[in-house]
Visitor: 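This structure is in structure tokens; I'll ask about it shortly.
The shown structure was predicted, so the numbers you read here are calculated from the model rather than taken from an experiment. Residue numbers start at 1 and run along the sequence shown. Excluded from the calculations below are hydrogen atoms, water molecules and symmetry mates; all remaining heavy atoms, backbone and side chain alike, are included.
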Amino acid sequence: MMLVLASTAEAQWRTYENERHGYRLHVPPGAEQPVLSDSGDGVTYAVEHGQLRVHGTILMGRTFEEEARDRLDAAVADGWRVNYENIQPRTATFDMSGDGIIRYVHAIEICDGAAAFFEYDYHRWDVKLLRPIFKHMVKSLQATGACAGDVARIPYPTD
């Protein structure tokens with residue numbers, strides 16, 4: 001059943017692209033009307049199983065690892081419990097929980113002192129359903145434009 005759901009949903013993926021920061025991401029099936037941020041850094045989607053926030057940031061002279069670590073530390077200070085973390089020089093993934101909600105975060109360093117993040121909040125009972133969606137989203141979060149280089153590996157429906 002899970003394989004059928006993942007392959008059926010494949011045709012419904014859309015692409016969100018942010019030209020300001022130079023990144024793009026596949027948005028999962030069921031994502032509804034994005035709300036654009038006032039700054040133009042990203043969007044927020046209501047999704048069937050929670051909420052998806054996608055945004056870019058300027059690192060302001062900090063390393064990508066410092067930015068990711070500070071975001072994780074801020075979440076812990078806000079009461080989130082860390083379930084998993086993997087912060088590398090150019091990528092970061094962490095998973096936190098609180099009050100029955102799980103927040104899955106993945107980020108990449110783009111170039112020129114910028115980074116892109118997606119954060120997906122969902123109910124803990126949806127974890128098995130969302131695993132293949134997160135796997136696809138992680139692969140799809142990529143730099144675009146001059147920053148893309150040879151990083152862009154997977155095809156997009158809009159290409």
Side-chain angles (χ1 to χ4, degrees), residues 2-3 5-60 62 64-65 67-72 74-75 80 84-96 101-123 126-159:
M2 188 58 116
L3 292 176
L5 177 62
S7 63
T8 302
E10 187 69 29
Q12 299 170 4
W13 288 87
R14 293 179 290 158
T15 300
Y16 167 72
E17 186 163 351
N18 184 292
E19 291 181 19
R20 178 174 184 222
H21 289 290
Y23 68 91
R24 65 183 178 179
L25 171 76
H26 276 171
V27 177
E32 297 179 15
Q33 308 214 342
V35 176
L36 300 173
S37 69
D38 292 338
S39 65
D41 291 339
V43 295
T44 300
Y45 292 91
V47 289
E48 183 178 348
H49 300 282
Q51 183 180 61
L52 169 64
R53 289 173 306 284
V54 184
H55 57 279
T57 190
I58 303 297
L59 298 175
M60 307 294 280
R62 299 159 37 96
F64 172 81
E65 286 177 281
E67 178 72 21
R69 172 64 52 201
D70 284 352
R71 287 174 183 249
L72 182 60
W80 290 89
Y84 172 82
E85 71 176 272
N86 183 3
I87 299 176
Q88 302 291 321
R90 299 202 63 214
T91 66
T93 303
F94 40 96
D95 179 277
M96 305 168 286
I101 301 295
I102 296 177
R103 176 173 291 163
Y104 181 89
V105 179
H106 182 72
I108 61 169
E109 181 179 33
I110 302 170
C111 75
D112 299 331
F117 286 79
F118 77 78
E119 301 173 358
Y120 201 120
D121 291 354
Y122 62 98
H123 296 284
D126 291 329
V127 67
K128 288 183 181 179
L129 175 70
L130 292 172
R131 274 190 197 134
I133 289 173
F134 294 154
K135 184 176 180 180
H136 184 97
M137 291 175 68
V138 165
K139 288 180 183 178
S140 77
L141 182 60
Q142 298 175 5
T144 60
C147 292
D150 63 354
V151 175
R153 299 182 297 277
I154 69 170
Y156 277 76
T158 57
D159 290 348

Visitor: Distance check, rounded to the nearest 0.5 Å: Asp121 atom CG versus Trp80 atom CH2?
Guide: 5.0 Å
Visitor: Show the nearest heavy-atom pair for residues Pro34 and Val43, with the distance to one decimal.
Guide: CB-CB, 4.0 Å
Visitor: Drop me the distance from His55's NE2 to Thr44's OG1, to the nearest 0.5 angstrom.
Guide: 9.0 Å
Visitor: How would you list, by chain and number, every residue that makes a side chain to side chain contact (heavy atoms under 4.5 Å, CB included) with Ala31, sequence neighbours excluded?
Guide: Arg14, Val27, Tyr45, Val47
Visitor: If you measure from CG on Leu141 to CD1 on Ile110, what distance do you get to the nearest 0.5 Å?
Guide: 7.5 Å
Visitor: Say you draw a straight line from OH of Tyr23 to OG1 of Thr57; how long is it, rounded to the nearest 0.5 Å?
Guide: 10.0 Å
Visitor: Could you pull out all residues at least two apart from Thr93 that satisfy side chain to side chain donor-acceptor pair (under 3.5 Å)?
Guide: His106
Visitor: Would you give me the side-chain donor-acceptor pairs under 3.5 Å for residues 112-120, sequence neighbours excluded?
Guide:
unit_1: Glu119; atom_1: OE1; unit_2: Arg53; atom_2: NE; d: 3.1
unit_1: Glu119; atom_1: OE1; unit_2: Arg53; atom_2: NH2; d: 3.0

Visitor: For Phe64, which residues count as a ring-ring contact (aromatic ring centres under 6.0 Å, His included) partner, sequence neighbours excluded?
Guide: none
Visitor: Is a donor on one side and an acceptor on the other found under 3.5 Å between the side chain of Arg24 and the backbone of Glu19?
Guide: no
Visitor: Just to verify, what does Asp70 make a salt bridge (charged side-chain N to carboxylate O under 4.0 Å, His left out) with, not counting sequence neighbours?
Guide: Arg62
Visitor: For Asp41, what residues pass the side chain to side chain donor-acceptor pair (under 3.5 Å) criterion, not counting sequence neighbours?
Guide: Arg20, His21, Ser39
Visitor: Quick one: are Thr144 and Glu17 in side-chain contact, heavy atoms under 4.5 Å?
Guide: yes
Visitor: How long is the straight-line distance from CG of Asp126 back to NZ of Lys128, given to the nearest 0.5 Å?
Guide: 12.0 Å
Visitor: With a 4.5 Å heavy-atom cut-off, do Met137 and Leu52 have their side chains touching?
Guide: yes
Visitor: Which residues pass the side chain to side chain donor-acceptor pair (under 3.5 Å) test with Glu85, sequence neighbours left out?
Guide: Arg69
Visitor: Checking Val127 now: which residues fulfil side chain to side chain contact (heavy atoms under 4.5 Å, CB included) with it, not counting sequence neighbours?
Guide: Tyr122, Arg131
Visitor: Just verifying a value: how many Å separate Glu67 CD and Glu109 CD, rounded to the nearest 0.5 Å?
Guide: 11.0 Å
Visitor: List the steps and the verdict of side-chain contact (heavy atoms from CB on, under 4.5 Å) for Thr15 and Trp13.
Guide: CA-CA 7 Å; Thr15 300; Trp13 288 87; over 6 Å; no
